[in-house]
Every structure is written in structure tokens, then in C-alpha cells.
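Everything on this sheet refers to the single structure shown next.
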Amino acid sequence: MARSRSGTRGRRGPRKPPRRTGGFTPSGAPIGDPSERDALELPATITVKEMADLLDVNPADIIRELIKSGIFATINQLIDRDTASLVAEELGYEVAEPQEATAGSDDEEGGPKGEATKEELWDEEAEDPKDLVHRAPIVTVMGHVDHGKTSLLDAIRSTTVAAGERGGITQHIGASEITTKDGKRLVFLDTPGHEAFTSMRARGARVTDIAVIVVAADDGVMPQTLEAISHAKAAKVPLVIAMNKIDKPDANGDRVMNELAQAGVVVEAYGGDTPLIPVSAKSRVGIPELLEMILLVADVQELKANPKRSAIGTVIEARLDKGRGAVATIIVQTGTLHVGDVVVAGNVVGKIKALETAAGKRISKAGPATAAVILGLTEVPEAGDVLRVVADVMKARAQVEKQKNAAAAAAPGGSGRATLEDLYRQIQAGQAKELRIILKTDVSGSIGAIDHALGQLSADEVKINVLLEAAGDITDNDIMLATASNAIVVGFNTGITDTARRAAEAEGVDVRLYDIIYKLTDDIDMALKGLLEPEIVEVIEGRAEVRQIFKVGKTQVIAGCYVTDGRIVRNSGARVWRGGKIVVTDKLEGLRRFKDDVREVAQNFECGISLAGYNDLVEGDIIECFTSQARSRAGS
């Protein structure tokens, strides 16, 4: 959104006369001489074209005034009230102060106070039970990249078509609708695996009713299989295991079920409650049984929605089409979406110009659990954005403005993600039920030892729930899962990738790295018992790559470096990384820019670095700069 430059109001010269006359103010007074018209009432946001129509001037006049303030806007761009006020005053118009809502007045959605609005009807609990009807389940298929997820979806589609059932199949961009031979509908999301699944869930989208985990019978449970299971469990979505490739000579079903049990998924054959269906996407064996099991799991959930209410859905995919503008594939979760409805999708406003299938067939409405392609959004929304119907365009823009303001207001205070420091306060308030942990270790053998140690910890108020445990560095996907499930990430004798570190900082995810098990368990035990004392924590300031080595005297070395990330600070701690491992931890004693001693050097600049006690630096080393800061563990 375009913003005005701060400090400009109150320092302008005499107002210019209006460029044109005619038109009316919102109160109905004609626009003419400034002394004869009422003050303009401007909404929270307005497009350049709408403002030009309101003032009855040429849009170019509005754009010209915006450029004078350093704002380069198009005719359809939204500007806020402050910016619009400055432009109007420049053009000689008086602007009224925004009206504040008073007690007992209509709410901001335009309805009488106390009357249910569309936003208040967001939760299904607010629905009238008499209006709820059964809806089709929405299914996400996940699994390891080469275990046959796509082949299984293709087999499901072709099998149902070959069976000649009513309605056939409607394949949408990002989603597929299938009708079984007895007339029951299922919606399959064609999202690319668990990363997209969790990305949508991290944004607040609750789309999936059932997760089908595909495991190859000849390959067994792989790391990505474990991740998919963890993501589905974190979302509290029922699992159905599709054991694929059972027709291969080296298929081993017992091995798969044993490995699943080790991952915490006990199938029905082993006395658990997770169904496992042997299938072959190639020969289409077991596909009818898989569909039958999905429908059975859906029946247990008693999935219902209200087709009579205004629609609420989720964006599955979106793109910009040169000929048609923003095109989005959505799943309608409740209500019915009609052509002509005004919608908000995330921070994007639009009016539904067309609803259609992937084949281009136009439809006039889309009911619950329906995949539809929509046209009419002003911009391209993001996957996972929640779409809802609102009364009109002005209220839609007001809703977007409110969302942006709320996000901006929340930013300084952090994201509110789980931390060990917050746990004590949550326990005292009676809110904490479990501490969710994502555990990454150097080798798989460490997992068992840490699991055993965590199992010895006990607290009546809160339990430990390990969502994912695996060997390897902490990655973006771990941070994404932590974001979606409000978990902390614990690393033992392992590192964190640069992109994951930046993602954790951006999302406010608490990442803890340990090299001794008892320190790990002590921190968690003290958090569970509310005994955490103020601690000194390490903050990574930046990293620099050694490009050249200069010898000073007989022993001292100065490294010519390039700052690749963050900043380098003199007198801070320094770690030297070589080949992915820490060589030494030292103190950054000298820092120079050319011939000058400096306190710090920012990213993308060159500098000279000398360490206090280490002189064996070589080209290609990474010097990681860190500082120590006091942080309250469980303070008020």
C-alpha cells in the first residue's frame, strides 16, 4: 500500500484551487468553491481512480500529486486515508476527520450491534445445526518423493473413470474431484507434498480432513515419510497408509509395518488404529479398497457444512494469467460461493467475475467441499490464504486494512511462538498442556538416548510431545513445522542451515542447540517445573568468508574477509567453520576497513579480521560472529 511521507502535513503552502468543478461530497453537497462545500469524508483506503471520481478531477492530477510526495502509483492502486487527505488538500479540498465508532452504533461491518456478521460466523460452532449437511472429505496425499504419490492419484482417477460412475471426474488445477460408483464425492488435493501442506497450515488454513501417506513396499519408511507423518499428526489429521508397489518382487509389507510402528504409527494389523491398505498404482490393485477406507474414515468424522451461508474457503494455488488476470484455485469449505460475490482472500480484494472448472466449463456457484477456479481478484493471493465473502467492496477493503494494521501492531511484540521462557507463565495461567519439540541430532543413535532422557522428565501440568525426530541439520522444513505447530526446535550435536536460521528469526521460532545431553534435559526439566533462571544467551550477529590471508610479524595473521550475512562486531565471540565443522571458538580482537579500526562492518562489505588466539586461518574459512545477551527465562 502506498504511504505518504511522514512530517508533510501542516507544512504545505496555500491550497490550490480545484482543477475541475462539479460532483458531490459524500454528504450530498455539490463540489464547487471551497467555502460552499462540506468537508470530504475519505474511507480507510481508496484507489486512485475512485478518488479522482470523488473529487471529479482527472486521475492524472491525483497521480501527479502523489509523485510530488515520492509515491509512484497506478490508477488502480490503493492509497491510505492519510495519503489521500494530503492529495485532496493539495488540490484545494477540506478533509473531514475520520469518524470514531460510538457505543451502541452499528458495527463496522454495517449490521446492527449484536447481530451476527459474516466474520462472526467463521466457526462452525456458530452454525444452526438444522442447516448443516454432510459434505465430501478433502484428502491430501503425501509421502516420499519417489514412492508413487502421483501415480496413485492417476490410478484413482483412471479407475473411477473406467468404472463409469456418475459425474465422472473433474480434475482442477491443484485439486481433483472424484465420484465413486455409489455417488459419493471425494476431493483430492494435488499439493506437492508435506511442505505445501504445512505451509498452508502455518498460515492458518485448515483444509485437509484426511491424510493418505504413501509408502513404497520395496523401499520402506524414508525420512520424508517420517516428516509427512509428523506434519499430519501435528495437524491432528487422521491417517490412512497406502502401501504402494506391492507387486514388486522385493516388496516387504512386514518391514513397512515394523518401521511405521517405530515411527509411532501402529497399523490395525498390529493392534493399532491406523488403517493400512496394500495397493499398486501400476496394476490398480487395492484402489477401490483405499477409496472405501477413506470414505469410512470420513464417515467417522461426520463432516458437515452449511451450504446456505456465505462461503469460506482456502486458496490452493494462484497465478497471474496474461489474458485473464489473477486466477486462483480454491476449496470451498463451507457455504456457497456465487458469481458476483465480493471476497477477501488474505489481503487481496475481489469480486467473483467467473467460476469455472479446469476444463473451462462455467458454473454459477460452488458449494461446500468443491474445488473451483475463480476470476476477479485484483491481485494474486498466496496459497493457504483464507477466502471469505463480505458485504461489499468498501467493507472488503476495510477488512484488509484492519488485518494489515493488526499484523503491524503485532510485529514489534514478536510472533508469539512457543519458547521455554514462556512455558512457566503458561503453566501458571493453566494454559500449557504440552511442550512440542522437534528434535534433530547428529546421528540416529542419539535419538534413542535423548528419548529415554526426556521420558524421565515428568510434570503434572504439561507433557512433552516430540513431533519429529531425525538425524541431520535443522532445515527450513523443520522451522516450517515448528511455525505451524507452535513447537520449539532442539538440535543435539548438529547445525542449522543459513536459510533455516533466517526463517527461525523471521518467524520467532525458538531454536536450541546442545552438545551435552544433560544440558538439554536440564533446560527442559527446569522449564517444565518453572525453575528457569535468567540466562545468558548467544545471538548470532553475522558471518564473513575468508578471501585472503595476510601475515603480520612472525605469528599474527589478518584475514581479508567479505561479510556474507548480518554484521561483524569487534570484541565479540568468533567461531571458525571449516568444511561444515567448528575448528575453534575464539574472540574477534581486531576489525578494520582499509586502514581504519572500526566497531562493526555490515553485510556485503570487505574487512580485515584478526582473532585473539588463533592464527591458523585459511582461505574459505567462515568466521561466525556472536554476542552474549541476558535474557529472562521465566520473568514476568
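Given the structure is predicted, the values throughout are model-derived calculations rather than measurements.
One finds a salt bridge joining R185 and E177 here, because a Lys/Arg side-chain nitrogen approaches an Asp/Glu carboxylate oxygen to under 4.0 Å. Ion pairing between a basic and an acidic side chain is recognised when a charged N comes within 4.0 Å of a carboxylate O; E302 and R135 show no such pairing. Between D510 and R512 there is a salt bridge, since a side-chain N of the basic residue sits under 4.0 Å from a carboxylate O of the acidic one.
Contact record, I363 with V339: O-CG2, 3.7 Å, taken as the closest heavy-atom pair. Considering every non-hydrogen atom in both P137 and I210, the closest pair reads CB-CD1, 4.2 Å. Of all heavy-atom pairs between P381 and E379, the closest is CD-O, 3.3 Å. Nearest heavy atom pair, residue L467 against residue A487, reads CD1-CB, 4.0 Å. The two residues V133 and P307 have their closest heavy-atom pair at CG2-CD, 3.6 Å.
Among V389, V332, T334, the one residue that satisfies the side-chain contact (heavy atoms from CB on, under 4.5 Å) test with I312 is T334.
You'll find the side chain of V400 reaches within 4.5 Å of the side chain of V344, heavy atoms only. Residues L186 and I156 fail the side-chain proximity criterion, which asks for heavy atoms closer than 4.5 Å. For the pair V380 and V348, the minimum side-chain heavy-atom distance is 4.5 Å or more.
T441 contributes no side-chain N or O that, together with a main-chain N or O of F492, makes up a donor-acceptor pair within less than 3.5 Å. N465 places no side-chain N or O within donor-acceptor distance of the main-chain N or O of I437, the cut-off being under 3.5 Å. A distance-only check finds no donor-acceptor pair linking the side chain of T274 to the backbone of V265 [under 3.5 Å].
At a cut-off of 3.5 Å, with distance as the only test, a side-chain donor of T494 or D473 sits close to an acceptor on the other residue. Using a 3.5 Å distance cut-off with no hydrogens or angles, the side chains of Y270 and N258 do pair a donor with an acceptor.
Taken from CH2 in W577 to CD1 in I622, the straight-line distance is 10.5 Å, to the nearest 0.5 Å. With rounding to the nearest 0.5 angstrom, the CD1 atom of I229 is 10.5 Å from the CG atom of L468. Atoms NZ and CD1, on K440 and I450 in that order, are 12.5 Å from each other to the nearest 0.5 Å. Put simply, OG on S310 and CZ on R388 are 11.5 Å apart, with the number rounded to the nearest 0.5 Å. If you take CD1 on I241 and CG on L260, they are separated by 5.0 Å, rounding to the nearest 0.5 Å.
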Per-pair distances, 0.1 Å, donor-acceptor, side chain in residues 212-223, under 3.5 Å, sequence neighbours excluded:
from : atom 1 : to   : atom 2 : distance (Å)
D219 : OD2    : H147 : NE2    : 3.0

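More than 12 heavy atoms of other residues, nucleotides or ligands sit less than 6.0 Å from atom CD of Q301. Within a 6.0 Å radius of CG in D273, no more than 12 heavy atoms belonging to other residues, nucleotides or ligands are found.
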* Residues R502, E507; criterion salt bridge (Lys or Arg N to Asp or Glu O under 4.0 Å); working and verdict -> CA-CA 9 Å; R502 287 192 288 269; E507 295 291 342; over 6 Å; no

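Applying the salt bridge (Lys or Arg N to Asp or Glu O under 4.0 Å) criterion to E259, with sequence neighbours excluded, gives R255. Every residue two or more places apart in sequence or in another chain that forms a side-chain hydrogen bond (donor to acceptor under 3.5 Å, both in side chains) with T475 is listed here: D478.
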